[in-house]
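I have placed the structure first, in the form of structure tokens, so that the comments after it can refer back to it.
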Amino acid sequence: MATLSDRLDHLLGAKAAASLADAFDMDTVEDLLRHYPLRYATQGQPLTEDAPEDGAHITVIGRVTKADLRPMRQRRGSLLKVVLDTGGGRGVDVTFFNGDKVKYVIRQGVRAMMSGTVNYWRPGQWNLSHPGYLILPESDDDEPTLTTVRGGGDLRGIAQSAKGAGGVDMSFFDREFIPVYPATAKVQSWEILACVRQILDQLDPLADPLPADVREERELMPVGDALRLIHLPEHTSDIERARQRLRFDEALALQLVLAERRHEVSGRTARACPRRGDGIVAAFGERLPFELTEGQRRVIGEISDDLSREQPMHRLLQGEVGSGKTIVALDAMLQVIDAGQQCALLAPTEVLAAQHYRSLCAMLGDLGQAGELGAADTATQVTLVTGSMPTATKRAALLAAVTGEAGIVIGTHALIQDAVEFFDLGLVIVDEQHRFGVEQRDALRAKAKTGFSPHLLVMTATPIPRTIAMTTLGDLETSTLTELPRGRSPIQSKVVPRRVHPNWVDRAWERITEEVGAGRQAYVVCSRIGDDEDGPARGRGGKAADTGKEPPSTQAVVDVFERLRTGPLAQLRIGLLHGRLPSDEKDQVMRDFNAGDIDVLVCTTVVEVGVDVPNATVMVIVDADRFGVSQLHQLRGRIGRGAHAGLCLLVTDAAPGGPAMTRLEAVAATTDGFELSVLDLRQRREGDVLGAAQSGTTRSLRLLSLLDDLEVITAAQELARALVEADPGLSRHPGLAAMMHAAVDSERLEYLAKS
């Protein structure tokens, strides 16, 4: 007998187990049983009276009445044209493309089962093209068990999986549903089916980790029944009931991990930072030259309440591009500074870190000039730490942090290094949280004084649908800014199909010239730096392509810069910005663009987040199909940040009507970031979101849809939090603890935190 934790090589043999391990990273019984069928084939069913639907997968049994070998018209080779009599004079047309290979098996007079996809060549006429087939005994009564398997395709494989010592048990074909598994060229679906059947025959009764009252309340079947019926269902209802149980298990396993993390954070102690009416935060509020939106005031209140407690804040602040997250974050930092503590702001790139530094200094004015002549009485100091800073500058910044002179320390990953110390760190803010993992957040939080944990605020301008936020960031409270501050202008987006209308690209450069002539500025964004970039072309997920084909041609930013500088925009002041420029050069380019000394900034995605130049009104994105939906939305958020409307032009060579063009048209049709984030996730597939492509291992979530299963995720979250609150560490629920650790490994969990 077998248990879920038993090794497959002990039960299936070394050869079969090694194949499963190599192809699917399966080592245990549970790994195999959680490799669920992709679909189910209905085998051995007679043809119905009605004509089948085009594209339907059907299986028919009959006698071959005709088998003609014909040469192919367009190329070498032959076709075997077959007519299969399924009874009552009904004949099914079947075509085999490798006619010479099958003509000796599929002959006139033999009885056969054939399974394939219905193709309609013209109205009312259909056939099966190159189906799987199995040669049958003359009648079911003559030979109920096949001693020799003669066939091809899936049917041959299924027969092999049903073969025992006495031959093939044909009763298996009487099943209404036969599972079809995700497979590879080396491990076929029928081989997986044979292994699953062998394991299920040996499986011990399973102890159910889910409490009986929960199963009863949610009408969930026992887990042992679910694992059997998902593979070998008897009825349609079995499939859905099994999926319902296993889907809930997946949601619960993940929510238990997040609930444990949430509980662990709640047990930490933070320094309370109550809001003062006479400190720097009050002085800053009095100087604001604009009125906060209702949403900003609400979120500031939520964060302020969190900071006033002795439990560390653990909050996500999400909002549309330009919704005013920076002012909310600055208010939180000033409240902490009033309590005598420091704040660290972690940004993913040097460009964004420098932009934050300039923005906060500008907003604070003399309130951010402590130690300088003319500073306000309540002033603090703002300092910047990046990896490429000159040694003397960095040494001064580190000294300001460790002595406590700097109330706000802004930086990149350099902040996490051992050399960076704080006098009294009270608040950590992580901008664009999807760029960082939990371990990086914790490394920075560990720099607080011993015995205390700093408050944590993570921010993102990438809208996260509710189910995604609950599933990937369930250990965080969430605040959302939905309305744009007054003064933000609308952004219009247009697709420029270069292949169809090449003259429209010329018009794009003219529009930039017109905007600059009116005193405004523009961006031109490219997907790569130059031809000297290392490595092969990369796809949308960042994974190297290995297709054996030349990658689609894309325009490098250095080439576009030269072409525009000497061509259509020669009369304008053009700047170049990309990640390989020296840090001081990048900073100078952004300063010049901010100051209006550059009319057009030709750049890569280093401007994707955080860059704020209110005078920029036009953005041309070259090779826009090379960017994801959310990235395009982020990029165009750099324009329309002032009094004038924005225009974003998406230049592409994508084929009209193709998926890339459809994606761009969807981006152009709406500025609703939440709507676009759902579209992005659906197009990328949820498995990629959860890190399957990145980790190379089996998906954590096989049945649960993060976009569609809100009710399941909500119920699982409520149950997980209640269980962990009553039993931290799940010591009284060992089955749930095991399920949690088995379903979500640490590598995928880290990717979840970054999704």
Side-chain angles (χ1 to χ4, degrees), residues 288 290-307 313-335 343 345-349 352 355-356 359-360 363 427-436 441 455-470 472-474 476-491 607-614 628-642 646 648 667 670-681 754-755:
L288 271 180
F290 53 84
E291 186 179 347
L292 295 174
T293 66
E294 182 179 342
Q296 285 173 318
R297 289 195 297 269
R298 173 181 50 79
V299 172
I300 285 174
E302 293 171 349
I303 294 173
S304 180
D305 289 344
D306 285 353
L307 294 175
M313 175 175 70
H314 209 56
R315 185 170 289 274
L316 166 71
L317 172 58
Q318 64 173 346
E320 279 286 9
V321 175
S323 59
K325 294 181 297 299
T326 303
I327 200 76
V328 172
L330 179 55
D331 184 275
M333 287 189 272
L334 297 181
Q335 182 171 334
C343 309
L345 172 56
L346 181 62
T349 66
L352 182 53
Q355 173 72 31
H356 276 310
S359 297
L360 295 187
M363 285 190 283
L427 171 64
V428 171
I429 297 179
V430 180
D431 195 16
E432 291 308 310
Q433 63 83 30
H434 62 282
R435 307 281 189 95
F436 298 98
R441 282 194 245 155
H455 299 282
L456 174 68
L457 178 67
V458 295
M459 301 193 300
T460 181
T462 304
I464 305 173
R466 183 183 173 193
T467 49
I468 300 293
M470 290 174 64
T472 62
L473 299 164
L476 299 175
E477 300 296 335
T478 302
S479 294
T480 303
L481 292 171
T482 55
E483 58 185 312
L484 295 182
R486 293 176 181 83
R488 285 304 300 262
S489 300
I491 300 173
V607 299
E608 181 182 344
V609 290
V611 176
D612 186 8
V613 181
V629 170
S630 294
Q631 195 172 32
L632 290 171
H633 184 57
Q634 288 288 317
L635 285 168
R636 71 177 170 188
R638 301 307 103 207
I639 58 176
R641 303 177 75 87
C648 180
V667 172
T670 182
T671 55
D672 185 333
F674 284 91
E675 180 182 335
L676 290 173
S677 68
V678 171
L679 171 67
D680 192 28
L681 290 168
K754 299 178 187 178
S755 298

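All of these numbers come straight from a predicted model, not from anything done at the bench. Position 1 is the first residue of the sequence; numbering continues from there.
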Quick one: list whatever passes side-chain hydrogen bond (donor to acceptor under 3.5 Å, both in side chains) with Asp331, sequence neighbours left out.
Arg275
With sequence neighbours left out, what residues match Glu302 under side-chain contact (heavy atoms from CB on, under 4.5 Å)?
Arg298, Val299, Arg315, Ser479
Heavy-atom nearest pair, Leu307 first then Ala332, reads CD1-O, 3.7 Å
Any donor-acceptor N/O pair, Gln296 side chain to Gly324 backbone, under 3.5 Å:
yes
From Glu477 atom CD to Leu456 atom CG, the distance as rounded to the nearest 0.5 Å
12.0 Å
Minimum-distance pair of heavy atoms, taken over all atoms of Val629 and Leu676
CG1-O, 3.4 Å
Out of curiosity, Leu457 CG to Leu316 CG, how far, rounded to the nearest 0.5 Å?
8.0 Å
Any chance you could measure Arg297, atom CZ, to Glu291, atom CD, to the nearest 0.5 Å?
5.5 Å
For Asp672 and Thr670, work out which heavy atoms get closest and say how close.
N-OG1, 3.0 Å
Nearest heavy-atom neighbours spanning Ala329 and Met459
CB-SD, 3.7 Å
Short question: side chain of Arg636, backbone of Leu632 - any donor-acceptor pair under 3.5 Å?
no
Checking side-chain hydrogen bond (donor to acceptor under 3.5 Å, both in side chains) for the pair Gln335/Ser304: CA distance, chi angles, key distance, verdict?
CA-CA 8 Å; Gln335 182 171 334; Ser304 180; 3.0 Å; yes
Output for pair (Lys325 NZ, Leu330 CG), nearest 0.5 Å, gives 14.5 Å
Before giving the answer on side-chain contact (heavy atoms from CB on, under 4.5 Å), spell out for Leu427 and Met333 the whole-Å C-alpha distance, their side-chain angles and the decisive distance to 0.1 Å.
CA-CA 7 Å; Leu427 171 64; Met333 287 189 272; 3.9 Å; yes
Counterpart residues, side-chain contact (heavy atoms from CB on, under 4.5 Å), relative to Asp305 (two or more places apart)
Arg309
So do the side chains of Ile429 and Cys343 get within less than 4.5 Å of each other, counting heavy atoms only?
no
Closest approach of Leu352 to Ala347 (non-hydrogen atoms, all atoms of both residues)
CG-CB, 4.1 Å
Could you walk me through whether His455 and Ile303 satisfy the side-chain contact (heavy atoms from CB on, under 4.5 Å) test, starting with their C-alpha distance in whole Å, then the side-chain angles of each, then the deciding distance to 0.1 Å, before giving a yes or no?
CA-CA 10 Å; His455 299 282; Ile303 294 173; over 6 Å; no
For Thr671, side-chain hydrogen bond (donor to acceptor under 3.5 Å, both in side chains) partners two or more places apart:
none
Across all chains, not counting sequence neighbours, the side-chain hydrogen bond (donor to acceptor under 3.5 Å, both in side chains) partners of Thr326 are none
